[in-house]
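Take a look at the structure set out below.
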2 protein chains.
Amino acid sequence: MSEYFDKSPRSCQECQCMSPLFCLLNPEELNYVDANKIHVEFKAGETIKKQGTFMSHVLSVNNGLAKVYIEGLDGRLAILRIVKATSFIGGPGIYFDQRHHYSITALTDASVCFINLQVFKDVLKGNHTFAEEFLKDFSRDVLAVYNRLIYLTQKQMPGRMADALLYLYDEIFKQVKFPMILSRFELAELSAMSRESAVKILRDFHREGLVKISDHEIVILDVDALRKISRVG
Amino acid sequence: MSEYFDKSPRSCQECQCMSPLFCLLNPEELNYVDANKIHVEFKAGETIKKQGTFMSHVLSVNNGLAKVYIEGLDGRLAILRIVKATSFIGGPGIYFDQRHHYSITALTDASVCFINLQVFKDVLKGNHTFAEEFLKDFSRDVLAVYNRLIYLTQKQMPGRMADALLYLYDEIFKQVKFPMILSRFELAELSAMSRESAVKILRDFHREGLVKISDHEIVILDVDALRKISRVG
DNA sequence: ACGCAAAATTGACATATATCAATGTTTGAC
DNA sequence: GTCAAACATTGATATATGTCAATTTTGCGT
């Protein structure tokens, strides 16, 4: 029961897990956000947001990891990116049509704040530094999608899988040994190939001594070789 | 010689070719933009902006058609979209790193205004309606890239080519008979396949009576069948 | 009208990739 | 601990797609 009450919202003022974006708010603005946010804990595997639904709130991931993905044709998923704490998640729906254009699912237990969209827009309207930083964040995400578009359409499978692994290394964990938060199938969804192809490529990487996968852990043994495969395509 | 002088900038106030975005400016703001813009005429085939260069200005296409494309791996191009009059072209570089992240080349003779980036930002800062509409525009572009990501990675070649043709019909010309502004090679770049594959698919479409291509013109004979191919993938 | 260069076309072939079916392995619920 | 369900693996095979090389067509400058 005490656990239940632990889940009650902390105030934003004392929160150490806030997305850096919100550090640009003055106390008054932060109060306004604080009064209009909801804090929710998710278990690994739970859906945080479903593509297509009305965007009543924007999100801030305070803790844990989640996958952001588009539900494409015939239910096939395309994982866009992995988000870690602390990240703001908005998306093109904020100003376009107030809908979520991707789904988000927790990969680990995760703690997420939902900030009322209108309140977010109000604050954005009144604080130009905040608005610029938001735009910068958004633009960075857009650029990442451009890059994915290129490498998913112009590289072959080994290059795409190398990119997926290097992405986890460079952007998410920043160390060569990290937990396998994604199943083979999800790695396939991240690199736009079939599950079986993903398995085969990973086996090849393993045989060539580039990576070691065991016990829910992956170790990248030869970063340079992976980068070369990524480059060659 | 008189032609040379025709190219001198008209004032934005009397311009009928302005991107709708700029209609949201008040006279004072429009004057400010007018005083800080450059108007240039391009011939078909000329490069309007080159990916990677410093973004000193944002663009407004007043007349003509242009292709917006990313220069990917080994010089392979991915055409993102076709722009027609009247369109604003900014991109993620505005707020991220002040660089152009795609190249733009004129497909027909084209008339383009270059608006000083700082001036654009100033106006955006001071006019919230303008800012919101800009964001809406930007978000629409982003969504289009999401869709491209899905259909380029999850559809097979016939579906992708059908999408390319339907894009020209639905978004650009809005009639089933339109000039072939894109070469076969460029159609291939728009649908992420090799030039030869594009030729073969188009031949198939032609044999099946879906399209007719001749004399620099394309006629879509069976829109519904194309839509079906697009759906099936 | 001529001839050159670029673009388009073709079919044969090589390669990349998905699919299928069968099997093995892990995980979590009871 | 057992069982079922999900996940992972494998090799065989089918399909999609790219590449190559040869040829034809088109566009354009003189």
Side-chain angles (χ1 to χ4, degrees), chain A residues 43-46 67 72-79 105 107-109 151-164 179-207 211-218 229 232-233, chain B residues 43-45 67 72-79 105 107-108 151-164 179-207 211-218 229 232-233:
Chain A
K43 296 258 172 249
E46 288 182 328
K67 61 175 176 178
L73 312 169
D74 312 311
R76 286 169 67 188
L77 310 185
I79 297 183
T105 294
L107 292 171
T108 64
D109 291 358
Y151 88 59
L152 291 181
T153 57
Q154 300 193 347
K155 285 186 187 183
Q156 302 191 169
M157 293 197 301
R160 303 207 299 271
M161 182 56 77
D163 281 332
M180 269 292 270
I181 48 164
L182 298 177
S183 68
R184 311 305 164 101
F185 191 23
E186 287 170 318
L187 279 176
E189 291 171 336
L190 184 59
S191 44
M193 63 183 72
S194 74
R195 167 191 16 202
E196 292 94 332
S197 293
V199 168
K200 285 165 191 173
I201 303 263
L202 285 171
R203 173 185 29 152
D204 292 347
F205 283 1
H206 183 263
R207 281 183 186 162
V211 301
K212 189 158 86 69
I213 307 180
S214 54
D215 299 331
H216 300 247
E217 255 188 14
I218 186 163
I229 290 173
V232 172
Chain B
K43 294 258 174 250
K67 60 175 175 177
L73 312 170
D74 313 312
R76 285 169 68 189
L77 310 185
I79 297 182
T105 294
L107 292 170
T108 65
Y151 88 60
L152 291 181
T153 57
Q154 301 193 347
K155 285 186 189 184
Q156 304 192 165
M157 293 197 300
R160 303 206 300 271
M161 182 57 77
D163 281 333
M180 269 293 270
I181 48 164
L182 298 176
S183 69
R184 309 306 164 102
F185 191 22
E186 286 170 318
L187 279 176
E189 291 170 338
L190 184 58
S191 44
M193 63 184 72
S194 73
R195 166 190 14 197
E196 291 95 332
S197 293
V199 169
K200 287 167 193 174
I201 304 265
L202 286 171
R203 175 189 22 154
D204 292 345
F205 284 1
H206 183 262
R207 282 183 185 161
V211 301
K212 189 158 85 72
I213 308 178
S214 54
D215 300 329
H216 299 246
E217 256 188 12
I218 186 163
I229 290 172
V232 173

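So you know, we letter chains A, B, ... as the sequences are listed, proteins then strands, and number each from 1. Quick note: numbers below take in every heavy atom, side chains included, and nothing from hydrogens, waters or symmetry partners.
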Provide a list of protein-nucleic acid N or O atom pairs under 3.5 angstrom, restricted to nucleotides 3-7 of chain D.
none

Counting only pairs under 3.5 Å, give me each side-chain donor-acceptor contact of residues 151-159 of chain B, with atom names and distances, residues two or more places apart or in other chains.
{"residue": "Y151(B)", "atom": "OH", "partner": "R148(B)", "partner atom": "NH1", "Å": "3.0"}
{"residue": "T153(B)", "atom": "OG1", "partner": "L149(B)", "partner atom": "O", "Å": "2.7"}
{"residue": "T153(B)", "atom": "OG1", "partner": "I150(B)", "partner atom": "O", "Å": "3.3"}
{"residue": "Q154(B)", "atom": "OE1", "partner": "L73(A)", "partner atom": "N", "Å": "2.8"}
{"residue": "Q154(B)", "atom": "NE2", "partner": "R76(A)", "partner atom": "O", "Å": "3.4"}
{"residue": "K155(B)", "atom": "NZ", "partner": "D163(B)", "partner atom": "OD1", "Å": "3.3"}
{"residue": "K155(B)", "atom": "NZ", "partner": "D163(B)", "partner atom": "OD2", "Å": "2.6"}
{"residue": "K155(B)", "atom": "NZ", "partner": "S230(B)", "partner atom": "O", "Å": "2.8"}
{"residue": "K155(B)", "atom": "NZ", "partner": "S230(B)", "partner atom": "OG", "Å": "3.1"}

Check the interface with nucleotides 14-16 of chain D: list each N/O to N/O pair with the protein under 3.5 Å, or write none.
none

Rounded to whole Å, CD of Q154(B) lies from P of dA18(C) at a distance of 11 Å
Can you list every pair that meets salt bridge (Lys or Arg N to Asp or Glu O under 4.0 Å) and has a residue in residues 186-199 of chain A, with sequence neighbours left out?
K67(A)-E186(A)
N/O-N/O pairs, protein side and nucleotides 25-30 of chain C side, under 3.5 Å:
{"residue": "dT27(C)", "atom": "OP1", "partner": "H216(A)", "partner atom": "NE2", "Å": "2.3"}

Check each residue of residues 193-203 of chain B for a non-hydrogen atom within less than 4.0 Å of any atom in DNA chain C, then write out the ones that pass by number, or none.
E196(B), V199(B), K200(B), R203(B)
Rounded to 10°, tell me the angle between the two end axes of the helix from dA1(C)-dT30(D) to dC30(C)-dG1(D), each built from five pairs.
50°
Residues which pass side chain to side chain donor-acceptor pair (under 3.5 Å) with S194(A), listed by chain and number, not counting sequence neighbours
S197(A)
In whole angstroms, the gap separating C1' of dA8(D) from CG of L182(A) amounts to 15 Å
Side chain to side chain donor-acceptor pair (under 3.5 Å) filter on T105(A), not counting sequence neighbours, yields Y69(A)
List in chain and number order the residues that pass side-chain contact (heavy atoms from CB on, under 4.5 Å) with E217(A), two or more places apart in sequence or in another chain; answer none if no residue qualifies.
K177(A)
